[in-house]
A.B. asks: 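What follows is a structure written as structure tokens; I'll ask about it next.
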Amino acid sequence: MLQSNQFVASLTKLRIMKRKTSSQPASSTPPSSPHQSPHFPVKLNSIFDSKKPKNILKNSPAITTKASGEWVPLSIGKSELYLPLTFPTGQTFRWKETGPLQYTGVIGPHLVSLKQLENGDVGYHFHHTECEESARLALFDFLNLGISLSEIWEEFKVSDLRFCELASYLEGARVLRQDPLECLIQFLCSSNNNIGRITKMVNFLSSLGKYLGNVGGYDFHEFPEINRLAMVSETELREAGFGYRAKYIIGTVEALQSKPSGGLQWLAALRKLNLEEAVDALASLPGVGPKVAACIALFSLDQHHAIPVDTHVWQIATQYLIPELSGTRFTPKLCSRVADAFVCKYGKYAGWAQTLLFIAELPSQKAILPSRFCDAEKGNVATARQE
DNA sequence: GGGAGACCTAGTAA
DNA sequence: ATTACTAGGTCTC
């Protein structure tokens, strides 16, 4: 078992003690944006504005914020959270890079920026929030700070030499605790798709939510509620480039609306089930198969040993975990086989281990890893491992 | 039960 | 310049 008590304790302390210790010198970086803000078809917004002028885009006079000012330190250090290995690695498509080592996103109703400070720690800054205290709680929750990354990594390192080596280069790759609805809809968009287009699709849906502000050239919105999502037609989604996933969104939103307890509550309840039950429940939604279900389970439902098995993970697994299957083709049936192998090797937090191994396979990371980590990838020609 | 095909689309490789 | 294939899969025969 894992003892993260001290860690939680220190966090609690952090929360309780009003930082009277004069605020960090804070490397403030107003996010001047070299980025151009993504564009969405504007027509949809106007269409729906007329239908339901409610809380959609009631853009209070454009709050254009800069994350200047103070970065409040989380006091957890880089080993607990390194932003570039946590945010742009496929867990969420809602956060944007708004500066050097700086990412901005929305948690519930709160618009927040995070920045890796010069001392390695992470600082946060709320742009738009009505209650600083609840925003902070939401942030800690979202960052999954109740779990000590370094503690669980210690166990992985002991049992796996390769993990140990990779970990020294890829410190701070944390698993987030996202909102289940947001996570579900995002990964519905992800099937058989690439990050660029997924991001575009997620941006489109996000823009239906309440506008919160602009940071670094990006507009940020609360994630739209189920009823708001239900107002979009399949045709509109297709026109927005969703392809066949349009009907997944429509179908899933309808299914959620029809839940007796309400879709939100139904989703929230999945956090209390065991992994298999949660995955089965998710898979009852159109467009949710084993891979997507595992992503949602791991990234939003506290199912820390869920393993999203895709082609990459299949490669990893057949190379290092179940070499007897190397060379064979990946089929959905083998999903559970792979997942089992990961859990067997890494235990309760296998999903967290998988996350690091997955990140190590990304082209962006391969580039900065010593070449010996890449050798085995080409094929199993020279699987020269420790023998 | 499980193995092929089809499905949207943009980007890259032949 | 076309064609084929891939990319964080799922659904349907």
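Because the structure is predicted, anything quoted here is derived from the model rather than measured. Throughout, a chain's letter reflects where its sequence line sits, starting with A, and its residues are numbered from 1.
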A.B. asks: Both A:Ser190 and A:Ala283 contact DNA chain C. Which one's nearest nucleotide lies toward the 5' end?
C.D. replies: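 Mapping each residue to its closest nucleotide by heavy atoms, the 5'-most match is A:Ser190.
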
A.B. asks: From CD1 of A:Ile198 over to P of C:dG9, roughly how many Å is that when rounded to an integer?
C.D. replies: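 Those two atoms, CD1 and P, are 8 Å apart.
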
A.B. asks: Would you say the ring centroid of A:Phe242 lies under 6.0 angstrom from that of A:Phe204?
C.D. replies: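 Yes: the rings meet the under 6.0 Å criterion.
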
A.B. asks: Would you please indicate yes or no on a ring centroid separation below 6.0 angstrom for A:Phe187 and A:Phe93?
C.D. replies: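 Ring centroids of A:Phe93 and A:Phe187 are less than 6.0 Å from each other.
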
A.B. asks: Given atom CH2 of A:Trp314 and atom P of C:dA7, what is their separation to the nearest angstrom?
C.D. replies: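 Taking CH2 of A:Trp314 and P of C:dA7, I get 15 Å after rounding.
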
A.B. asks: Residues from residues 243-252 of chain A sitting under 4.0 Å of DNA chain B, heavy atoms only?
C.D. replies: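 Heavy-atom cutoff 4.0 Å gives A:Gly243, A:Tyr244, A:Arg245.
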
A.B. asks: If a pair satisfies side chain to side chain donor-acceptor pair (under 3.5 Å) and one of its residues is in residues 266-282 of chain A, list it, with sequence neighbours excluded.
C.D. replies: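 Every pair satisfying side chain to side chain donor-acceptor pair (under 3.5 Å) with a residue in residues 266-282 of chain A: A:Asn274-A:Glu277.
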
A.B. asks: Regarding A:Thr355, tell me which of base, sugar-phosphate or nothing describes its non-hydrogen contacts under 4.0 Å with the strands shown.
C.D. replies: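 If one applies the 4.0 Å heavy-atom cut-off, A:Thr355 turns out to touch nothing in the nucleic acid.
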
A.B. asks: Assign each of A:Phe299 and A:Pro286 to its nearest nucleotide of DNA chain C by heavy atoms, then name whichever residue's nucleotide is nearer the 5' end.
C.D. replies: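 Its nearest nucleotide lies further toward 5', so the answer is A:Phe299.
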
A.B. asks: Determine the interatomic distance between C1' on C:dC5 and the same-named atom on B:dC8; round to the nearest Å.
C.D. replies: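 Looking at atom C1' only, C:dC5 and B:dC8 are 15 Å apart.
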
A.B. asks: What's A:Val309 touching, base or sugar-phosphate or nothing? Going by heavy atoms closer than 4.0 Å.
C.D. replies: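 The answer is nothing, as A:Val309 stays clear of every strand by at least 4.0 Å.
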
A.B. asks: Assign A:Leu285 to base, sugar-phosphate, or nothing according to its heavy-atom contacts below 4.0 angstrom with the strands shown.
C.D. replies: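 Counting heavy atoms under 4.0 Å across all strands, the contact made by A:Leu285 is with sugar-phosphate only.
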
A.B. asks: Before we go on, tell me: are the rings of A:Trp95 and A:Tyr103 under 6.0 Å apart, centre to centre?
C.D. replies: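 Ring-ring flag for A:Trp95/A:Tyr103: false, centres at least 6.0 Å apart.
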
A.B. asks: Find the distance A:Gln315:CD to C:dT6:P and express it as a whole number of Å.
C.D. replies: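 Atom CD in A:Gln315 sits about 12 Å away from atom P in C:dT6.
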
A.B. asks: What contact category does A:Phe358 fall into here, base, sugar-phosphate, or nothing, at under 4.0 angstrom with non-hydrogen atoms?
C.D. replies: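 Since a base atom lies under 4.0 Å of A:Phe358, the category is base.
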
A.B. asks: Give a yes/no verdict on a cation-pi contact between A:Lys78 and A:Tyr82, requiring under 6.0 Å between NZ or CZ and the six-membered ring centre and an angle within 45° of the axis.
C.D. replies: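 Yes - A:Lys78 lies over the ring of A:Tyr82, closer than 6.0 Å to its centre and within 45° of its axis.
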
A.B. asks: Could you tell me how far B:dA10 sits from C:dC11 if I compare only their C1' atoms? Round to whole Å.
C.D. replies: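 It works out to 23 Å between them.
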
A.B. asks: Going by the side chain to side chain donor-acceptor pair (under 3.5 Å) test, which pairs reach into residues 290-304 of chain A, not counting sequence neighbours?
C.D. replies: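 The answer is A:Arg177-A:Asp302, A:His304-A:Trp352.
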
A.B. asks: Within a radius of less than 6.0 Å around CD of A:Gln265, do more than 12 heavy atoms belonging to other residues, nucleotides or ligands occur?
C.D. replies: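 Result for CD/A:Gln265: open.
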
A.B. asks: Using the P atoms only, state how far C:dT6 lies from B:dG5, rounded to an integer number of Å.
C.D. replies: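 The answer is 14 Å between these two P atoms.
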
A.B. asks: For residues A:Phe140 and A:Phe142, establish whether the separation of their ring centroids is below 6.0 Å.
C.D. replies: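 Judged by ring-centre distance (under 6.0 Å), A:Phe140 and A:Phe142 do not meet the cut-off.
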
A.B. asks: Name the nucleic acid region contacted by A:Gly90, choosing base, sugar-phosphate or nothing; use a 4.0 angstrom heavy-atom cut-off, strictly under.
C.D. replies: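 If one applies the 4.0 Å heavy-atom cut-off, A:Gly90 turns out to touch a base.
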
A.B. asks: In Å and rounded to the nearest 0.5 Å, what is the NZ to CG distance from A:Lys200 to A:Asn193?
C.D. replies: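 A:Lys200 atom NZ to A:Asn193 atom CG measures 10.0 Å (nearest 0.5 Å).
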
A.B. asks: For DNA chain B, which nucleotides open and close the run of contacts to chain A, 5' to 3', at under 4.0 angstrom from a non-hydrogen atom?
C.D. replies: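 With heavy atoms of chain A under 4.0 Å away, the range is B:dG2 to B:dT9.
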
A.B. asks: Would you say the side-chain atoms of A:Gln116 pair up with the backbone N or O of A:Leu101, donor to acceptor, closer than 3.5 Å?
C.D. replies: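 Flag not set: sc A:Gln116 to bb A:Leu101 has no pair under 3.5 Å.
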
A.B. asks: Between C:dT6 atom P and A:Arg197 atom CZ, what is the distance in whole Å?
C.D. replies: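 Going from CZ in A:Arg197 over to P in C:dT6 covers 17 Å.
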
A.B. asks: Whether A:Arg162 and A:Glu165 form a salt bridge (side-chain N of Lys/Arg under 4.0 Å from carboxylate O of Asp/Glu) is what I want to check.
C.D. replies: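 Between A:Arg162 and A:Glu165 there is no salt bridge, as every charged N stays at least 4.0 Å from the carboxylate O atoms.
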
A.B. asks: Applying side-chain contact (heavy atoms from CB on, under 4.5 Å), can you list everything that pairs with A:Ser159, at least two apart in sequence or on another chain?
C.D. replies: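 A:Ser159 satisfies side-chain contact (heavy atoms from CB on, under 4.5 Å) with no other residue.
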
A.B. asks: Dot-bracket, DNA chain B: Watson-Crick or G-U, under 3.5 angstrom, [ ] crossing, | other strand?
C.D. replies: ..|||||.||||||

